[in-house]
Amino acid sequence: MKRVKLEKALTFLEPGPVVLVSTFDGKKNNVMTISWTMPLDFAGHFALCTGPWNYSFGPLRKSKECVLCVPSVSWARKVVQIGMVSGEDTDKFDRFSLTALPAACVKAPLIDGCVACVECRVEKFLPAYGIFILQALAVWENPSCQDKRLLHAVGDGTFHADGEKFNFRRLMRAKLPPGL
Ligand SMILES: Cc1cc2nc3c(=O)[nH]c(=O)nc-3n(C[C@H](O)[C@H](O)[C@H](O)COP(=O)(O)O)c2cc1C
């Protein structure tokens, strides 16, 4: 993984991919699948939505840290499988042969093989809707990832892969922050 500038975090999350959220509970790493995420600004704030029925909720609340790991479509089956079992009774890193890499700013790990990983600190929790407000602290991109197409959940058990790409950068210039 190659560390890249913080502004790049948005470019991995803005397309709305399914992500893997890694946490560390003080003893072991865990990972869950999340499709309910959203960028909030150009300053590295993101929202993710989950609740106490998931094991990850506890470590997220307690450690106030996580890593948003963005897998490519080549991980589609594994991403769904990870979201079907709980860290409460399963070591998912072992079960799904995931390689944890050390992060720079948080104790939760990066996941080797993902397209990108965004280390985050929990800034706020909004209990009414189970919304965690995250601040990106460090961003990593995987230069050796062959397939960078992202995976998108429809919500009914079907998924889309990234398809055609359009470049409207010139048209959007006035709305894009410098450096992106
Ligand atoms: C494609 C997919 C998307 C999911 N998205 C979310 C989500 O956005 N929020 C959520 O709370 N759970 C979501 N889940 C469910 C959790 O990943 C699942 O409950 C998981 O087992 C939680 O793991 P944990 O108990 O180890 O934290 C999703 C599952 C799948 C398969």
Side-chain angles (χ1 to χ4, degrees), residues 9-40 44-101 103 106-136 145 147-163:
L10 182 79
T11 65
F12 299 113
L13 276 304
E14 175 117 0
V18 182
V19 299
L20 297 172
V21 180
S22 78
T23 46
F24 178 68
D25 66 6
K27 286 192 184 125
K28 68 172 172 52
N29 294 324
N30 189 39
V31 57
M32 74 178 293
T33 304
I34 287 257
S35 47
W36 295 335
T37 65
M38 150 182 187
L40 297 174
H45 286 105
F46 299 95
L48 77 73
C49 185
T50 188
W53 52 89
N54 289 312
Y55 182 78
S56 305
F57 183 79
L60 267 169
R61 292 281 279 143
K62 210 170 151 216
S63 72
K64 296 190 165 61
E65 291 179 352
C66 67
V67 181
L68 305 179
C69 303
V70 185
S72 84
V73 292
S74 61
W75 281 40
R77 178 170 289 274
K78 199 188 290 206
V79 164
V80 173
Q81 288 169 330
I82 289 168
M84 299 308 293
V85 291
S86 178
E88 181 142 34
D89 51 24
T90 308
D91 180 339
K92 292 193 232 180
F93 277 80
D94 184 48
R95 168 115 169 231
F96 299 109
S97 304
L98 303 175
T99 304
L101 300 174
V106 300
K107 293 207 173 76
L110 315 180
I111 299 178
D112 194 22
C114 282
V115 175
C117 293
V118 180
E119 300 180 28
C120 296
R121 175 180 61 228
V122 174
E123 257 190 22
K124 215 177 187 118
F125 175 62
L126 309 176
Y129 294 97
I131 296 174
F132 286 85
I133 308 294
L134 309 175
Q135 167 71 65
C145 197
D147 189 352
K148 295 207 173 188
R149 288 175 305 143
L150 307 184
L151 180 67
H152 306 272
V154 174
D156 61 357
T158 64
F159 295 80
H160 294 295
D162 277 348

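Just so we're clear, the structure is a prediction, and the values are computed from it rather than from any experiment. Start at 1 and go down the list; that is how both ligands and their atoms are numbered.
The shortest side-chain heavy-atom distance between Asn30 and Asp25 does not fall under the 4.5 Å cut-off. Taking the side chain as every heavy atom from C-beta outward, Asp162 and His152 approach each other to under 4.5 Å.
Taking the six-membered ring where tryptophan is involved, the planes of Phe57 and Phe132 are perpendicular, since the angle between them exceeds 60° and thus also 30°.
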Checklist entry - So Asn54 and Ser56, side-chain hydrogen bond (donor to acceptor under 3.5 Å, both in side chains) or not? Walk me through it. => result CA-CA 5 Å; Asn54 289 312; Ser56 305; over 6 Å; no
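Contact between Ile133 and Ala47 at its shortest, heavy atoms only, is CD1-CB, 4.4 Å.
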Counting only pairs under 3.5 Å, give me each side-chain donor-acceptor contact of residues 69-79, with atom names and distances, residues two or more places apart or in other chains.
from  : atom 1 : to     : atom 2 : distance (Å)
Ser72 : OG     : Ser74  : N      : 3.2
Ser72 : OG     : Ser74  : OG     : 2.6
Ser72 : OG     : Asp147 : O      : 3.3
Lys78 : NZ     : Phe96  : O      : 3.2

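A distance limit of 4.0 angstrom between heavy atoms and ligand 1 selects the residues Asn30, Met32, Thr33, Ile34, Ser35, Trp36, Cys49, Thr50, Asn54, Tyr55, Ser56, Val80, Gly83, Val85, Ser86, Gly87, Lys92, Phe159.
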